[in-house]
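Keep in mind that what you see is a predicted model, and the values were worked out from it rather than measured. Naming: A, B, ... by sequence-line order, numbering from 1 per chain.
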Amino acid sequence: MSLQIYAGNLSYGMADESLKTLFEKFGEVSSAKIIRHQDTGRSKGFGFVEMPNDEEAEKAIQGLDGSEVDGRNIRVNRARPKRNE
DNA sequence: ACTGAGCGA
């Protein structure tokens with residue numbers, strides 16, 4: 001149904017929408033979110049993106065992994081199951 | 001947290 005993608009080494013200023021926009025260059029994005037601390041609410045520097053189309057997702061991974069975003073080379077890969085999926 | 005390796009409930 002969807003492929004979940006891990007995006008790390010993001011700038012702390014990266015917003016969910018910005019992350020989504022990045023992946024939308026390669027295809028449809030159903031959701032994108034930055035993981036942040038509960039207390040402070042600030043970014044942890046990584047996030048997750050969900051793409052319905054597998055081939056687009058892999059293209060996005062290849063296309064975005066190592067690419068420079070906001071001055072940093074981001075890390076993109078398939079996400080591990082967070083708990084059970 | 002003003003930072004910097006990280007895979008989230």
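- For B/dC7, the OP1/OP2 oxygens have no side-chain nitrogen or oxygen of A/Arg78 closer than 4.0 Å.
- A straight line from CD1 of A/Ile34 to P of B/dG4 spans 19 Å, rounded to a whole angstrom.
- Put simply, OH on A/Tyr6 is 12 Å from P on B/dA5, counting in whole angstrom units.
- Contacts of A/Leu10 with the nucleic acid, taken as non-hydrogen atoms under 4.0 Å apart, include base atoms.
- At whole-Å resolution of the value, CZ in A/Phe48 and C1' in B/dA9 are 11 Å apart.
- Taking atom CG of residue A/Asn77 and atom P of nucleotide B/dG8, one finds them 15 Å apart after rounding to whole Å.
- Checked by atom type and distance alone, the side chain of A/Ser2 never pairs as donor or acceptor with a backbone atom of A/Glu50 at under 3.5 Å.
- Here B/dC7 presents its P atom at 15 Å from CG of A/Asp65, a figure rounded to the nearest Å.
- The NZ atom of A/Lys33 sits 11 Å away from the C1' atom of B/dC7 (whole-angstrom rounding).
- The side chain of A/Lys82 sits closest to B/dA9 out of B/dA9, B/dG4, B/dC7.
- With hydrogens and angles disregarded, no donor-acceptor distance shorter than 3.5 Å links the side chain of A/Asp16 to the backbone of A/Lys33.
- A/Ser43 approaches A/Ser11 most closely through the heavy-atom pair OG-O, 4.4 Å.
- Map A/Ser11 and A/Phe46 each onto its nearest nucleotide of DNA chain B; the residue landing nearer the 5' end is A/Ser11.
- No engagement by A/Arg75 is indicated, since no non-hydrogen atom pair under 4.0 Å with the nucleic acid exists.
- In this structure, the NE2 atom of A/His37 is 12 Å from the C1' atom of B/dG8, given to the nearest Å.
- A donor-acceptor pair is defined here as one N or O able to donate and one able to accept, closer than 3.5 Å; such a pair exists between the side chain of A/Asn9 and the backbone of A/Asn73.
- Within the nucleic acid shown, A/Gly8 has no heavy atom closer than 4.0 Å to any nucleic acid atom.
- Within 3.5 Å, a donor on the side chain of A/Tyr12 pairs with an acceptor on the base of B/dG4, or the reverse.
- Within the 3.5 Å criterion, the main-chain N or O of A/Glu28 finds a donor-acceptor partner in the side chain of A/Glu56.
- Of the listed nucleotides (B/dG8, B/dC2, B/dG6), B/dC2 has the atom at the smallest distance from the side chain of A/Arg42.
- In this structure, the CG atom of A/Asn9 is 13 Å from the C1' atom of B/dC7, given to the nearest Å.
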